[in-house]
Protein chains: 2
Amino acid sequence: MRTEKPLTRSSQDYLEAILNLSEREQNVRITDLANHLQVTKPSATGMVKAMSRQGLLQHDKYGPIQLTEEGAKQAHLVRQRHRALKDFLVHLLGVPHKTAEKEACLMEHSISMDTSERLYLFLQENLTK
Amino acid sequence: MRTEKPLTRSSQDYLEAILNLSEREQNVRITDLANHLQVTKPSATGMVKAMSRQGLLQHDKYGPIQLTEEGAKQAHLVRQRHRALKDFLVHLLGVPHKTAEKEACLMEHSISMDTSERLYLFLQENLTK
DNA sequence: TTCTGATGTTAGTCAATCCTAACATATTGT
DNA sequence: ACAATATGTTAGGATTGACTAACATCAGAA
């Protein structure tokens, strides 16, 4: 079930979206996911299917979507990177929220967890102003 | 000739590589480009062909590659983003050079020029330590 | 129960970008 | 000039992830 294949940018986006949605809804549905990510339902269906095969999530036909333990772990890491980046953009660079959200979404796939942690520490030291 | 189509990540990478190579060599050749970007020659040929159609560069069969005015302009913008990001990673976050180079290469496609300029200013203010 | 509307799935297609294998052209050395 | 080598191109294919159109299933209302 487990795959050693590195996560694609899109997979990471899907993982993060499922994590965020699952904290607000009992069941994450394909339509929710598609709307959230601004893709069509067939696209979401296809990606969910692929990610299910990779052991990142559990999804029965027509049923709700649930992250596996591994999927949830990876989702949390993506979100961690996202938050550090967004905080930096908003609070240190003064980027408007919407722009920062969008750019953090793109950047989160581009940095290592090491860099993310360094950024987090940097923010700790510099957000005391 | 001019295209309004947004530049793909890959196109941006190719533009930046051509710019950097053209500053070191009289002629940029497919093989140079392919080696630099760690892709095969047919891949580079194909991308160069596509980008030529988009008016980003000039390339005659078997001949050297040259950026058009528009291509060069875009390449400089990519590089600007790259440098701001790399400087930030290295000098403020203490990321090792190789890692910073790699991550800047990925991040440069994810931020706007506005954010890049904000980052540049932030670096100016904070690199005086 | 049946019908309607909402939700979800399947199949086919496209774009982008990479690869390999085979071939074409240019360059260099003898 | 010819042969060998280097460089570059073409054709075909794979992966990823998006789209549309058609179809299937589910849930709720009548």
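Note: hydrogens, waters and symmetry copies are ignored here, and every other heavy atom, side chains too, is used. Naming convention: chains lettered A, B, ... in sequence-line order (proteins, then strands); numbering from 1 in each chain.
In this view, B/Q74 and B/E70 satisfy the side chain to side chain donor-acceptor pair (under 3.5 Å) rule, not counting sequence neighbours.
Taking atom CD of A/Q54 as the reference point, atom C1' of D/dT16 lies 11 Å away to the nearest angstrom. Distance, B/H59 NE2 to D/dT9 C1': 9 Å, rounded to whole Å. Atom pair B/I30:CD1 and D/dT10:P shows a separation of 10 Å (rounding to whole Å applied). Atoms CZ (A/R29) and P (C/dA6) sit 12 Å apart, rounded to a whole Å. D/dG17 atom P lies 11 Å from atom CG of A/L15, rounded to whole Å. In this structure, A/Q38 places its CD atom 10 Å from P of D/dC19, rounding to the nearest Å. Rounded to an integer number of Å, the gap from B/L37 CG to C/dC19 P is 10 Å. The separation between A/M47 atom CE and D/dC19 atom P is 12 Å, rounded to whole Å.
Base engagement by B/T40 is indicated by at least one non-hydrogen atom pair under 4.0 Å involving a base atom. Using a 4.0 Å heavy-atom criterion, one finds that B/S43 contacts the bases of the nucleic acid, with or without backbone contacts as well. As judged by a 4.0 angstrom heavy-atom cut-off over every strand, A/T45 is placed among the base-contacting residues.
Residue A/K61 places none of its side-chain N or O atoms closer than 4.0 Å to OP1 or OP2 of D/dA24. Between B/Y14 and the phosphate of C/dC18, there is a side-chain N or O to OP1/OP2 separation shorter than 4.0 Å. At the phosphate of D/dT10, OP1 or OP2 sits under 4.0 Å from a side-chain N or O atom of B/K49. Side-chain N/O atoms of A/T31 include none lying less than 4.0 angstrom from OP1 or OP2 on C/dA6.
Salt bridge present: A/R118 and A/D114 bring a charged side-chain N and a carboxylate O closer than 4.0 Å.
When each of A/K41 and A/Y62 is assigned the nucleotide of DNA chain D with its nearest heavy atom, A/K41 is the one assigned upstream, toward the 5' end.
Remark: A/I30 CD1 to A/I65 CD1 distance equals 4.0 Å, nearest 0.5 Å. Taking OG1 of A/T8 as the reference point, atom OH of A/Y14 lies at 9.5 Å (rounded to 0.5 Å).
If one axis is set at each end of the helix from C/dT1-D/dA30 to C/dT30-D/dA1 from five pairs, those axes are 0° apart, to 10°.
Within 6.0 Å of the CD atom in B/Q66, the count of heavy atoms belonging to other residues, nucleotides or ligands does not exceed 12. In the displayed structure, B/E69 atom CD is contacted under 6.0 Å by at most 12 heavy atoms of other residues, nucleotides or ligands.
Across every non-hydrogen atom of A/N20 and A/R79, the tightest pair is OD1-NH1, 2.6 Å.
No continuous path of hydrophobic side-chain contacts links A/V90 to A/Y120 [ILVMFWY only; heavy atoms under 4.5 Å].
You'll find that the side chain of B/S10 is closest to C/dC18, out of C/dT20, C/dC18, C/dG8. Nearest to the side chain of A/P42, among C/dG8, D/dA21, D/dT9, sits D/dA21.
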